[in-house]
Amino acid sequence: MAKSEQMITELSDKGVRYCLASYVDMHGVSKSKMVPIAHASDMMTGSEMFTGAALDGVPQEVNDEEVAAHPDAASCIVLPWQTDVAWFASDLWCGGAPFDACSRNILKRQVAAAAEAGFTMNLGIEAEFFVLSDTQAGGFAPLSDLPHLEKPAYDTTRLMDNLPWLTELVDAMNALGWDVYSFDHEDGIGQFEIDFTYADALTMADRFTFLRFMANTIARKHGAFASFMPKPMGDRTGSGAHFNMSLAGPDGTNLFKDPDDPRGCKLSTLGYQFTAGVLRHLPAIMATVAPTVNSYKRLVKQGSMSGFTWAPIYACYGNNNRTNALRVPLAGGRVELRAADSATNPYLGAAMVLAAGLEGIAEGLDPGDPNTDNMYLLDQAELDARGIRTLPRTLDEALDAFAADPLSRRVFGDAMFESWLGFKRQEWLSYLNHVSDWEVQRYLKFF
Ligand code: GLU
Ligand code: MG
């Protein structure tokens, strides 16, 4: 208590006048209440109450006790673009105890299970997203007015054209100590990737949540918006949010590193076991790391574009090979889940992969040898011979896999499992019942 009083005094001395008690709904969208700094000590002990029934995936009845946000002091961020406001990631509580169906609590339960086994999960999320502006015609366009390239990946001129907002965002990330080490123009029109140093899974989930909010705010200052829609353009690559995962021991040593790995991936036995656990549950995990109708339009080999998408289509793992759902990058010591996309609720996604990985370790699973071929080019007979399954092709298939896998209910808890699945089934139905432009164009005057 004294510690949080001291923190509030320090914030106030720095000019902070308001605090945001923030948490996410089931989609990973930020929700909050704002509290003047004079009341911040009440906020830290849970004064901010919310009617769960007003939100997606906070399973509550209208007459239930409200959920209360319990801010995590360690997550405090003074908004780089508005320094009189401080943001806090919060856990939801209800009835004086952590609320079971809160995304952050769901991840914390798996973090605790990992800690009990002696592990800390480290996570780096590669942030890909589009920055676009609305056009008068009701569409959207990139900020650079240069012609659209067939292959804009790593394009220098378009990167430079976007520097005003990009450097403002990167400066802000670095001011927060996130250590951005690289950013570029990606393969979509107005698509960018920003890479920053990994952290423990909970911290990274907080940061990714905040990043979506911050990227959007800064883009809007520049007359644009940041889109974390996984596949805004059918003929271009989509936005992944690759999860780079490893486990550390109590002294911080990376337990996934093994330079003498006989399989040549520089991955330890523990890393292979974790990988095997994730592979076992990948169809169910997909529902959380690729959680939208649109997500599954990203998970194609090529579609109508000129090159590959670099997004996975099969549930398999490989060495430095980017065509696998799970990749062990050249340096080894970590596993990259390439199936995850920019719309993930990072708390739920990380909770599912961590639980699956821990199961792989507990059961000593082995994923077999890594796939070294270009998986996009293998024929069905070869895939069958290797026992490789296709990833879910639609949100509907992913939800079926999620519903059928006992891991999902165990990780989510009964209330969130039912609520989340109910909302997602509705989302799929709403999509299914929608008549798209594609259909009208194709069938309206077909006969
Ligand atoms: N944009 C690709 C995806 O959807 C990833 C490209 C990359 O490897 O950076 O996953
Ligand atoms: Mg990329």
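Please read these numbers as outputs of a predicted model, since none were measured by experiment. One is the number of the first residue; the rest follow in order along the sequence. Atoms within each ligand, like the ligands themselves, are counted from 1 in listed order.
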Q) Could you go step by step and tell me if E439 and R442 meet the salt bridge (charged side-chain N to carboxylate O under 4.0 Å, His left out) rule? A) CA-CA 5 Å; E439 288 163 272; R442 187 153 178 138; over 6 Å; no
Q: Classify the ring geometry between F129 and F228 as parallel (under 30°), tilted (30 to 60°) or perpendicular (over 60°).
A: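 Answer is parallel, since the angle falls under 30°.
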Q) Using the ring of each side chain (for Trp, its six-membered ring), is Y431 parallel, tilted or perpendicular to W428, with breaks at 30° and 60°? A)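 Aromatic pair Y431/W428 classed tilted.
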Q | Heavy-atom donor-acceptor pair, N216 side chain to A226 backbone, under 3.5 Å | A |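 The answer is yes, because a donor-acceptor pair under 3.5 Å joins these two groups.
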Q: Show your reasoning for whether side chain to side chain contact (heavy atoms under 4.5 Å, CB included) applies to K108 and L202.
A: CA-CA 7 Å; K108 281 176 99 174; L202 189 69; 3.9 Å; yes
Q: May I ask you to establish whether R327 and Y317 are in a cation-pi arrangement, using a distance under 6.0 Å from NZ or CZ to the six-membered ring centre and at most 45° from the ring axis?
A: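 Checked: cation-pi criterion not met.
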Q.
Within this structure, what is the OG-CG distance for the pair S408 and L348, rounded to the nearest 0.5 Å?
A.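 S408 atom OG to L348 atom CG measures 11.0 Å (nearest 0.5 Å).
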Q: Mind checking the CG-CD spacing from D187 to Q191? Nearest 0.5 Å is all I need.
A: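 These two atoms lie 7.5 Å from each other.
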Q. In total, how many protein N/O/S atoms does one find closer than 2.8 Å to the Mg ion (ligand 2)?
A.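 Under the 2.8 Å cut-off, the count stands at 3.
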Q. Under 3.5 Å, is there a donor-acceptor pair linking the side chains of D206 and Y347?
A.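 A donor-acceptor contact under 3.5 Å links the two side chains.
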**Q.** Set of residues that line ligand 1, where lining means a heavy atom lies under 4.0 Å from it
**A.**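 Heavy-atom contacts below 4.0 Å: E128, E186, E193, G238, G240, H242, R298, T309, W310, A311, R338.
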